[in-house]
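Just below is one structure, and these are the notes that go with it.
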There are 2 protein chains.
Amino acid sequence: MRERSLVLSRPGVRSFTTAVDVVLLTPPPRERTLAVLLVRPTDPRARDRWVLPWDAPQSGEGPEDAAIRVARGALGTTPAALEQVAAFGDARRHPGEAQLSVAFVGLVPYGLDANHPTTAEWMEIGELPQLAPRQREIVDAAVSAVRRRVDQSPLAFRLLPSAFTLSELQAIYEILLGRRLHKASFRRALRAASLVEPTDEWRSEGRGRPAQLFRYAPRRRRGLRRGVRFDLYD
Amino acid sequence: MRERSLVLSRPGVRSFTTAVDVVLLTPPPRERTLAVLLVRPTDPRARDRWVLPWDAPQSGEGPEDAAIRVARGALGTTPAALEQVAAFGDARRHPGEAQLSVAFVGLVPYGLDANHPTTAEWMEIGELPQLAPRQREIVDAAVSAVRRRVDQSPLAFRLLPSAFTLSELQAIYEILLGRRLHKASFRRALRAASLVEPTDEWRSEGRGRPAQLFRYAPRRRRGLRRGVRFDLYD
DNA sequence: TCAATAGTGTCTGTTAGACATTATGGA
DNA sequence: TCCATAATGTCTAACAGACACTATTGA
């Protein structure tokens, strides 16, 4: 009996044309929503078409290396956090169009300017210009990925300086999660999670009572039964 | 002032050698852990090296199409659920080794045999043979992805026939989550989520009181404030 | 004094997990 | 009768969200 042909162990000679797309997100000053960095292609025929920063990987480069390079190229600096979102594939073969895109999200601290102000711009999600359908899908998936992960990893702290007020921290969480939080519950959850510790410094915003500064200082928790959870608004 | 060179808008001409790896998971009969389908390469020089079912995408095929084809090739049938895990990249270029792998998880109902019993085998996670480091990483990521998603999507129901007992459902959840659940809390959470409805049939397992059969019947919930959550064991 | 923001204490309804109990079949 | 499994009721501690209140600054 002849062995049936297997799809399983054939040498992998086919290639996707591969690109890395990077969704850079920042909490813009004085706003309550996230902003995405979009760039205008330099090709004059497509200057009204905003796209995500992207590039094809160079040889000797893994996808994450390429994403860091793309982010640095667009920002002039490395984002505070960079994580893969997913791979987005396409069966159609269009000339010049990437077949496979590996998408990354990067979080950028408060108020960092884009490297190329003439071609790149922070645009608020919710007020995005028309994008190619797949780029739109990538942005949405990136925002969802951040919202899923912000409770489980210290993403929010990377967007703040080493000392911060709890109101600033809450504002970052609200922007990342896209919803208002209840102040007392937020602080209670922070205490239960032992994520921050107070410093002996205070900061006055000009009006209102000065706020104590805290620093990120996660402690091993014996009893943390659930992740930090908080709901609804103040 | 000359415009600085941009990494942002260069045509994407470079390619990764691309593969699709598929992690097929099943709740094996009479066991409390998941099992992964591994295959032995047909290449006689590597017959002691277990690998995940995989292939390179064909032209005109998206990554998901390729994953479905690989899964059907290994199982003889389509898995009950198939979702992307992530892309796994590698900067090194080894001859014959894929640079970029898009990994998928597939869930396979209870007790389905592999298509090629001489070369493929269900092996329990936790008792896996030695795998290449990246394959190991892919398996771990696939299991984690299932555990993250099982609360948010009806994955568990796809592994059961249309009518099932609540004990069977709980067993599937326990296997997918990798931990025991509290019976009363599990049923309370099910009621709150309005995911199932009773049929008028009962099934006797031979000993003990017969169990009522239920079917998956999700209802729009006005009040479902959180996902279905349950912790600890019975 | 008021406005504005920071920070805290207490109450209440909900719920997860523990525990106990009843129900129903086979041996 | 005993055992095994199904199914449900009740209790309690923990907790999320609501609410109210005090504290501290500048105008």
Side-chain angles (χ1 to χ4, degrees), chain A residues 29-30 32 150-151 160 163-175 177 179-215 221-234, chain B residues 30 32 150-151 160 163-174 177 179-215 221-234:
Chain A
R30 310 188 190 295
R32 298 201 153 275
V150 69
D151 265 17
L160 290 168
F164 48 83
T165 71
L166 296 188
S167 296
E168 290 170 339
L169 181 62
Q170 181 175 344
I172 293 291
Y173 267 99
E174 289 177 343
I175 290 170
L177 289 169
R179 62 166 201 261
R180 304 295 304 277
L181 300 175
H182 184 82
K183 181 169 68 166
S185 297
F186 178 75
R187 296 180 182 218
R188 214 167 20 203
L190 271 183
R191 289 190 73 82
S194 296
L195 285 176
V196 299
E197 68 184 15
T199 70
D200 50 5
E201 288 181 284
W202 299 72
R203 177 197 298 157
S204 177
E205 234 21 272
R207 60 176 171 275
R209 172 176 170 178
Q212 191 169 15
L213 296 181
F214 288 75
R215 71 170 68 91
R221 279 294 281 182
R222 57 229 166 277
L224 180 57
R225 28 185 74 212
R226 336 197 175 169
V228 182
R229 297 176 45 74
F230 17 75
D231 283 296
L232 279 189
Y233 45 90
D234 187 38
Chain B
R30 308 185 191 297
R32 298 201 153 275
V150 69
D151 265 17
L160 290 168
F164 47 83
T165 70
L166 296 188
S167 296
E168 290 169 340
L169 182 62
Q170 181 174 345
I172 292 291
Y173 266 98
E174 289 178 344
L177 290 169
R179 64 166 200 260
R180 304 295 301 278
L181 299 175
H182 184 81
K183 182 168 69 169
S185 297
F186 178 74
R187 295 179 182 218
R188 214 169 18 205
L190 272 182
R191 288 190 74 84
S194 298
L195 286 176
V196 299
E197 68 183 17
T199 70
D200 50 5
E201 290 180 284
W202 299 72
R203 177 197 299 158
S204 178
E205 233 24 92
R207 60 175 172 277
R209 173 176 168 178
Q212 191 169 17
L213 295 182
F214 287 76
R215 70 169 69 91
R221 277 296 279 181
R222 59 230 168 274
L224 181 56
R225 28 184 77 211
R226 338 202 171 159
V228 182
R229 297 177 44 75
F230 19 73
D231 284 295
L232 280 190
Y233 44 89
D234 187 41

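The sequence lines fix the lettering, A, B, ..., with proteins before strands; numbering per chain opens at 1. Nothing here was measured: the structure is a model prediction, and the numbers come from that model.
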Quiz prompt | Nearest-neighbour nucleotide for the A/Trp202 side chain, C/dG7, D/dA6, C/dT24 considered | solution = C/dG7
Quiz item: C/dT5 P sits how many Å from A/Lys183 NZ, rounded?
Solution: 10 Å
Quiz item: Nearest to the side chain of A/Ala184, which nucleotide is it out of D/dC19, D/dA6, D/dG9?
Solution: D/dC19
Self-check item: Sugar-phosphate, base or nothing in reach of B/Thr165, heavy atoms under 4.0 Å
Solution: nothing
Quiz prompt | Nearest listed nucleotide, side chain of B/Ser167, among C/dG7, D/dA6, C/dT24 | solution = D/dA6
Quiz prompt | Shortest side-chain distance from B/Arg188, nucleotide among C/dA16, C/dT10, D/dA7 | solution = C/dA16
Practice problem: State the CZ-NE2 distance between B/Arg187 and B/His182, to the nearest 0.5 angstrom. | Solution: 11.0 Å
Quiz item: To the nearest angstrom, how far is A/Phe164 atom CZ from C/dA6 atom P?
Solution: 14 Å
Exercise. Record whether the side chain of A/His182 comes under 3.5 Å of the base of D/dA16 through a donor-acceptor pair of N or O atoms.
Key: no
Exercise. For C/dG25, take OP1 and OP2 only and decide whether either is under 4.0 Å from a side-chain N or O of B/Arg207.
Key: no
Self-check item: Audit row: A/Leu169, A/Phe214, side-chain contact (heavy atoms from CB on, under 4.5 Å) steps and yes/no
Solution: CA-CA 9 Å; A/Leu169 181 62; A/Phe214 288 75; over 6 Å; no
Quiz item: Atom CD of B/Glu168 to atom P of D/dA7: distance rounded to whole Å?
Solution: 11 Å
Exercise. Give the rounded distance in Å between these two atoms: CD of B/Gln170 and C1' of C/dA16.
Key: 14 Å
Exercise. Could you tell me whether a side-chain N or O of B/Gln212 sits under 3.5 Å from a main-chain N or O of B/Thr199, the two making a donor and an acceptor?
Key: yes
Quiz item: Quick one: B/Leu169 CG to D/dA6 C1', roughly how many Å, whole number?
Solution: 15 Å
Quiz item: B/Arg187 side chain N/O closer than 4.0 Å to the phosphate oxygens (OP1, OP2) of D/dA7?
Solution: yes
Quiz prompt | Between CD on residue B/Glu197 and CZ on residue B/Arg215, distance to nearest 0.5 Å | solution = 5.0 Å
Practice problem: Without swapping roles, check the side chain of A/Glu174 against the backbone of A/Arg32 for a donor-acceptor pair under 3.5 Å. | Solution: no
Quiz item: How long is the line joining CZ of B/Phe186 and C1' of D/dA7, in whole Å?
Solution: 14 Å
Quiz prompt | Most 5' of B/Gly208 and A/Leu213 on DNA chain C, judged by nearest nucleotide | solution = A/Leu213
Exercise. Would you mind reading off the distance between A/Arg203 atom CZ and C/dG7 atom C1', rounded to a whole angstrom?
Key: 16 Å
Quiz item: Taking atom P of D/dT25 as reference, at what distance in whole Å does atom CD of A/Gln212 sit?
Solution: 13 Å
Exercise. Using heavy atoms to find the nearest nucleotide of DNA chain C for B/Gly206 and B/Arg209 separately, return the residue whose nucleotide is more 5′.
Key: B/Arg209
Quiz item: Across the strands shown, which category fits A/Glu205 at heavy-atom distances under 4.0 angstrom: base, sugar-phosphate, nothing?
Solution: nothing
